[in-house]
Amino acid sequence: NQEVAIPNDGSGSTARYVRIAATGTAHVKPVLTGTACTTADILVGPGDAVFLNVQGFTHIAYLQEASGSKIVITPVEG
């Protein structure tokens, strides 16, 4: 179980919307720091992507189903 900070958007503020893609199967969840992700959270498969409203959160928690899986978080401009 890992966490990564939500990136900044083009204006330098924390992004309000993000696109999350994965290189392998992973579960993701927007969280405040210190909150764990479980297999009951959003599933992102290899080559898939999800768009999330992350207002009010500071991090994305993720859980790899396969060793070496990575997530890519891209801020989406509103």
Side-chain angles (χ1 to χ4, degrees):
N1 215 336
Q2 300 178 12
E3 286 182 9
V4 63
I6 294 171
N8 290 340
D9 61 18
S11 71
S13 300
T14 301
R16 297 179 349 174
Y17 300 93
V18 295
R19 176 186 182 269
I20 301 176
T23 61
T25 304
H27 295 269
V28 300
K29 174 169 101 173
V31 299
L32 297 174
T33 190
T35 306
C37 182
T38 70
T39 56
D41 292 316
I42 302 165
L43 176 66
V44 182
D48 289 341
V50 295
F51 291 86
L52 298 176
N53 177 339
V54 294
Q55 294 179 64
F57 297 100
T58 59
H59 290 74
I60 300 294
Y62 69 100
L63 179 64
Q64 305 167 328
E65 277 200 9
S67 179
S69 296
K70 296 183 177 157
I71 61 169
V72 178
I73 303 170
T74 307
V76 177
E77 301 290 329

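Positions are given from 1, in the same order as the sequence printed here.
Taking 4.5 Å as the limit, some side-chain heavy atom of Thr25 sits within range of a side-chain heavy atom of Pro46.
Atoms CD and CD1, on Gln2 and Ile71 in that order, are 8.5 Å from each other to the nearest 0.5 Å. The CD1 atom of Ile20 sits 12.5 Å away from the CG atom of Asp48 when rounded to the nearest 0.5 Å. Separation of atoms CG (Leu52) and CZ (Phe57) is listed at 9.5 Å; rounding is to 0.5 Å. Rounded to the nearest 0.5 Å, atoms NZ (Lys29) and CD1 (Ile42) are 9.5 Å apart. Atom CD1 of Ile6 sits about 4.5 Å away from atom CD1 of Ile60, to the nearest 0.5 Å. Remark: Leu43 CG to Leu63 CG distance equals 10.5 Å, nearest 0.5 Å.
One hydrophobic cluster, built from ILVMFWY side chains closer than 4.5 Å, cannot hold both Val31 and Val4; they sit in different ones. In this structure, Phe51 is a member of the same hydrophobic cluster as Tyr17, with clusters built from ILVMFWY side-chain heavy atoms closer than 4.5 Å. In the hydrophobic cluster analysis, where Ile, Leu, Val, Met, Phe, Trp and Tyr join through side-chain heavy atoms closer than 4.5 angstrom, Ile73 is grouped apart from Val76. One hydrophobic cluster, built from ILVMFWY side chains closer than 4.5 Å, cannot hold both Val72 and Val50; they sit in different ones.
In this structure Ala49 satisfies the side-chain contact (heavy atoms from CB on, under 4.5 Å) test together with Arg19, Ala21, sequence neighbours excluded.
When every heavy atom of Ala61 is checked against every heavy atom of Thr35, the shortest pair comes out as CB-O, 3.6 Å. When all heavy atoms of Cys37 and Asn1 are compared, the closest pair comes out as O-ND2, 2.8 Å. The two residues Thr23 and Gly68 come nearest to each other via the heavy atoms OG1-O, 4.1 Å. Between Val18 and Pro75, the shortest heavy-atom contact is CG1-CA, 4.2 Å.
For residues 64-75, every residue pair satisfying the side chain to side chain donor-acceptor pair (under 3.5 Å) rule, not counting sequence neighbours, is listed here: His27-Glu65.
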TODO: Would you check, one step at a time, whether the test side-chain contact (heavy atoms from CB on, under 4.5 Å) holds for Thr33 with Glu3?
DONE: CA-CA 8 Å; Thr33 190; Glu3 286 182 9; 3.2 Å; yes

